[in-house]
There are 2 protein chains.
Amino acid sequence: MARQANPNLQGQLLDAAVTVFAERGLLAAKVSDITDLAGVSKGAFYLHFESKEALYEQMCRQFIADLTGHLAGHGSLLCGPEALGMHVVDQLATADEALLDWLWQRRVHLQMVLAGAAGTPLAHLSDEFIEAIENSMLASIERMHCASCVEPMLTSQFLAAMATGLIVMYARKLVQSRERPAVTRDVHHFRRIMMLGALLTPDQLDTLWTSAAIHAVPAAAPSAH
Amino acid sequence: MARQANPNLQGQLLDAAVTVFAERGLLAAKVSDITDLAGVSKGAFYLHFESKEALYEQMCRQFIADLTGHLAGHGSLLCGPEALGMHVVDQLATADEALLDWLWQRRVHLQMVLAGAAGTPLAHLSDEFIEAIENSMLASIERMHCASCVEPMLTSQFLAAMATGLIVMYARKLVQSRERPAVTRDVHHFRRIMMLGALLTPDQLDTLWTSAAIHAVPAAAPSAH
DNA sequence: ACCTGAACACCGTTCAAGT
DNA sequence: ACCTGAACACCGTTCAAGT
């Protein structure tokens, strides 16, 4: 039971907990890791928090709520007056860059929610995190569909999954890298693909790029397996 | 220590283990869950396997090796004679569909590797799984770059991350759904985006789709938060 | 009022004892 | 030769005792 609490110590425990949860996930995080880092006894933990699980849940839900708040303000389609006259694809790119910045600044919390709580009743929290992003993407893309910007054959669900998959791949890299990655170029690439695809020039489609051309090229430097 | 072993029982334990690991991840999986499911005592487990971790590692590495084998044969760019004359984007789409089918048929193992081993020395195994896909994508895209199919501004790393992100998002859905999703349509969507982008018609770019058009549309049905 | 640390329960692992 | 289950260690949680 969380009973009386020295709020100072509670703050130290919160800071210690997010670090330990990020490093190890919920199950492998030891209460003694957290209390050692905060400089108190193991028992003191239970003066401040119901349980290890309850603390993890509280911190993840707060993070997801903060994310939802960010997306409401800087969602994948901009809503403010600065967006007027801005190309929708540029709006998407701007919002993606803002989201990645936001995640970078909170990468310890990001690492915590991605490390996850597999095998516990809180396993769904990582899914909720990803769904928060996907839902924001979905809402924006549905608006674009209604405005007839988007090829009608492409479902909003698919486009939202693609954009979210890219963000999540990127988020995994943010957690691993020590210095802030240069996001701008990749966001620009995403913009180009949304507008024109990934291939060289549309007017050459269906004429050149068959496997005969591909396999005539010597194998690329085998940077992969 | 894995000592002598009734190979029959070993098979039962392997079957039980993948089920329990998929359901709970490495840390939350109890050895007694596995042995109960196989109908033996807890101690018998250690006649067959070094430890719970070692078994998890063995099964994940086998799965990743099988995946690598599949990708070598049906990698994101086809290599066989059937590929001659096939458009490269259709090759990518065909290979993606084959990969998703392969993953669907092994979705218990997929779930096991995604459930993960956070906080243990085996935490990197989920990353290795994703990297196996990313490396295969990267190799194919580099070949396409060498054949000058791809817009040169778009790096292979970015395109591989995008394709992999989509596959991983899809893999998460495979694990959750009970009946095999219809993959073909989504693969077709991916194909269209690679070739022409996601927007309605390239010749309307930079003229219509500013936020003024978007925000004039009544808010879409709020299927998201 | 707040904190400590011994004690308890749970589960991974070991091993002496069964068949 | 193979399996069992009691015993041990580790860690989440509790609580009687300190200050």
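Because the structure is a prediction, the values reported are computed rather than measured. Here is the naming used below: chain letters follow the sequence lines, and residue numbers restart at 1 for every chain.
- Under the Watson-Crick or G-U wobble criterion, with both distances below 3.5 Å, C:dC15 is paired with D:dG5.
- Under the Watson-Crick and G-U wobble criteria, each requiring two contacts below 3.5 Å, nucleotide C:dC10 is left unpaired.
- Ranking C:dT13, D:dG5, C:dT4 by closeness to the A:Ser41 side chain, first place goes to C:dT4.
- Residue A:Leu47 contributes atom CG, which lies 14 Å from atom P of D:dT13 at whole-angstrom precision.
- The two residues A:His74 and A:Ala95 come nearest to each other via the heavy atoms O-CB, 3.6 Å.
- Side-chain N/O atoms of B:Tyr46 include one lying less than 4.0 angstrom from OP1 or OP2 on C:dT13.
- Atom CZ in A:Arg24 sits about 13 Å away from atom C1' in D:dC11, given to the nearest Å.
- In summary, the side chains of B:Glu53 and B:Thr120 do not present any donor paired with an acceptor at a separation below 3.5 Å, with no hydrogens or angles considered.
- Look at CD on B:Gln12: it is 14 Å from C1' on D:dC2, rounded to the nearest Å.
- One atom, NZ of A:Lys30, and another, P of D:dT13, lie 15 Å apart when rounded to the nearest Å.
- Across the protein-nucleic acid pair, B:Glu50 atom CD and C:dT13 atom P stand 10 Å apart, rounded to whole Å.
- Considering every non-hydrogen atom in both B:Ile64 and B:Phe129, the closest pair reads CD1-N, 3.8 Å.
- Across B:Asp33, B:Thr35, B:Ile34, a single residue satisfies side-chain contact (heavy atoms from CB on, under 4.5 Å) together with B:Val31, and that is B:Thr35.
- Evaluation of atom-type donor-acceptor distances gives no pair under 3.5 Å for the side chain of A:Lys42 against the base of C:dG5.
- Using a 4.0 Å heavy-atom criterion, one finds that B:Ala29 contacts the sugar-phosphate atoms exclusively.
- Here C:dT4 presents its C1' atom at 12 Å from NE2 of A:His48, a figure rounded to the nearest Å.
- Within the cation-pi definition used here (under 6.0 Å to the ring centroid, within 45° of the axis), B:Arg106 qualifies as a partner of B:Trp102.
- Between the CZ atom of A:Phe45 and the P atom of C:dG5 there is a distance of 18 Å, given to the nearest Å.
- A straight line from CG of A:Asp36 to C1' of D:dG12 spans 14 Å, rounded to a whole angstrom.
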